[in-house]
Amino acid sequence: MKGRLRILSPKLFAGGAGILMAGLALWQGIDSALRLYGGTDIDLSREEGPAARTVLERDAAYLEMIDDWLGDPQARIRAGLLQFRLSLSTGPDIVLERRRALAKAIDDLRDGLARAPADARAWTALAHALLATGELEKGKLAFRTALLTAFYEPTLTLWRCQLGLGLWPLLDDADRRLVANQVRWAWTSQPADLVGLAKIANHAVVIAAVLDQDPAEKKAFEKALRR
């Protein structure tokens with residue numbers, strides 16, 4: 001009996017070491033994803049090169065893995081935001097890649113928001129993604145939800161102005177009032193950026209009409225447009 005134990009013990013040791021190494025590798029994967037999950041806010045406006053896109057794809061996969069293992073909808077939402085950022089990349093050679101990323105962003109954001117709906121940034125990204133695919137009614141609904149989820153969110157104001165002003169002809173009076181508030185806040189906090197948006201996207205008439213409640217603000221806006 002003692003001899004059999006002496007023969008088996010190296011195998012048991014090797015098996016235990018293998019389990020230990022597998023456990024360490026698993027934890028390293030989780031730890032890497034958790035560090036990503038706890039990182040800073042995602043900059044959706046930054047243009048990404050090929051190397052950065054590869055990193056984004058890897059990071060999104062890590063976050064999806066967190067949700068698969070731990071059932072964390074916030075991780076799924078963050079993965080959707082990364083996929084959405086990938087969909088904003090430009091270049092004629094990545095058209096299909098952008099479409100895949102956009103579809104994946106919509107799937108991840110819908111999945112995460114169905115379980116954790118109080119995320120205005122995610123609703124805004126979902127609205128943008130749906131509108132980019134031509135789903136106007138679903139995009140409008142997601143946009144309205146974004147505005148109602150967090151009525152005033154300084155980091156989203158200009159983005160919301162961009163989407164809301166683009167949708168303006170299709171909005172009812174209630175939704176237009178929500179967008180008008182975003183425009184007024186943007187004029188207060190980011191006037192130069194709002195003027196830039198007006199020039200690029202031809203929204204000057206609507207913005208001027210929104211600011212008409214205060215003649216001084218409207219005059220200042222129109223003066224800024226002429227510079």
Side-chain angles (χ1 to χ4, degrees), residues 33 36-48 52-53 55-67 72-90 94-168 170-171 175 178-179 181-183 185-186 190 193-194 197 200-201 203:
L36 167 67
Y37 182 41
T40 57
D41 286 341
I42 297 168
D43 180 3
L44 295 171
S45 63
R46 188 171 67 241
E47 180 62 30
E48 305 295 355
R53 289 198 298 271
V55 172
L56 287 176
E57 290 171 351
R58 181 205 64 193
D59 290 349
Y62 269 138
L63 289 161
E64 290 166 353
M65 180 176 65
I66 285 182
D67 185 35
D72 186 346
Q74 291 296 336
R76 183 68 61 173
I77 285 172
R78 194 169 177 84
L81 290 172
L82 290 175
Q83 292 287 358
F84 178 69
R85 197 166 97 190
L86 277 168
S87 76
L88 299 178
S89 301
T90 58
I94 58 168
V95 174
L96 292 179
E97 180 183 327
R98 289 180 59 192
R99 289 177 182 170
R100 285 194 296 268
L102 191 62
K104 187 63 176 173
I106 291 172
D107 288 344
D108 282 346
L109 290 169
R110 278 176 165 165
D111 184 352
L113 286 168
R115 292 174 285 147
D119 191 319
R121 180 178 297 272
W123 281 113
T124 305
L126 178 59
H128 194 149
L130 289 168
L131 293 171
T133 62
E135 296 197 56
L136 294 182
E137 290 305 315
K138 292 179 181 178
K140 282 169 55 181
L141 178 59
F143 180 61
R144 181 185 304 122
T145 306
L147 294 174
L148 295 175
T149 299
F151 193 59
Y152 177 62
E153 175 50 65
T155 63
L156 300 178
T157 301
L158 198 69
W159 189 9
R160 289 170 163 184
C161 287
Q162 176 190 353
L163 296 178
L165 291 169
L167 284 169
W168 190 267
L170 305 176
L171 299 179
D175 287 342
L178 292 174
V179 174
N181 285 329
Q182 301 297 316
V183 171
W185 287 329
Q190 301 167 269
D193 292 330
L194 186 64
L197 178 62
I200 293 171
H203 295 315

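Qualifying side chain to side chain donor-acceptor pair (under 3.5 Å) partners for Q162, counting only residues two or more places apart in sequence or in other chains: none. Partners of W185 by ring pair (Phe, Tyr, Trp, His ring centres under 6.0 Å), not counting sequence neighbours, listed by chain and number: F151, Y152. E153 meets the salt bridge (Lys or Arg N to Asp or Glu O under 4.0 Å) test with no other residue; sequence neighbours excluded. Residues satisfying the side chain to side chain donor-acceptor pair (under 3.5 Å) criterion with D111, sequence neighbours excluded, are R115. A120 meets the side chain to side chain contact (heavy atoms under 4.5 Å, CB included) test with T149, A150, L156, R160; sequence neighbours excluded. Every residue was checked against the side chain to side chain donor-acceptor pair (under 3.5 Å) condition with R99, not counting sequence neighbours, and none meets it. In this structure D107 satisfies the side chain to side chain contact (heavy atoms under 4.5 Å, CB included) test with no other residue, sequence neighbours excluded. Applying the side chain to side chain contact (heavy atoms under 4.5 Å, CB included) criterion to A142, with sequence neighbours excluded, gives W123, L126, A127, L130. Residues passing the side chain to side chain donor-acceptor pair (under 3.5 Å) test with R110: none are found, sequence neighbours excluded. Scored by the side chain to side chain contact (heavy atoms under 4.5 Å, CB included) test, L131 finds L136, L163, L167 as partners (sequence neighbours excluded).
Rounded to the nearest 0.5 Å, atoms CD (Q83) and CD1 (I106) are 11.5 Å apart. The CG atom of L82 lies 10.5 Å from the CZ atom of R58; values are rounded to the nearest 0.5 Å. Taken to the nearest 0.5 Å, the CG atom of D119 stands 4.5 Å off from the CD1 atom of I77. Between the CD atom of E57 and the CZ atom of R100 there is a distance of 8.5 Å, given to the nearest 0.5 Å. Note: D59 CG to M65 CE = 10.5 Å, rounded to the nearest 0.5 Å. Residue L109 holds its CG atom at 5.5 Å from CG of L81, rounded to the nearest 0.5 Å.
In terms of heavy-atom proximity, Q190 sits nearest to P154 at OE1-O, 4.1 Å. For D175 against R144, the heavy-atom pair with the smallest separation is OD2-NH2, 2.8 Å. Taking each heavy atom of A116 and Q74 in turn, the nearest pair found is CB-NE2, 3.6 Å. Scanning all heavy atoms of the two residues, the minimum distance from A101 to L86 falls at CB-CB, 3.8 Å. In this structure, D72 and D67 approach most closely via the heavy-atom pair N-OD1, 2.9 Å. The minimum heavy-atom distance between L113 and A122, with the atom names listed, is CD2-CB, 3.8 Å.
In this structure, F143 and L178 have side chains that are not in contact, with every pair of non-hydrogen atoms separated by 4.5 Å or more.
A donor-acceptor contact under 3.5 angstrom links the side chains of W159 and H128, judged on distance only.
Considering R76, R85, R78 as possible partners of D108, the one that fulfils the salt bridge (Lys or Arg N to Asp or Glu O under 4.0 Å) test is R76.
Annotation: salt bridge (charged side-chain N to carboxylate O under 4.0 Å, His left out) contacts involving residues 123-137, sequence neighbours excluded, comprise E135-K138, E137-K140.
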Start with the C-alpha gap between R121 and T155, add the side-chain angles, then the distance that decides, and say whether side chain to side chain contact (heavy atoms under 4.5 Å, CB included) holds. CA-CA 9 Å; R121 180 178 297 272; T155 63; 3.1 Å; yes

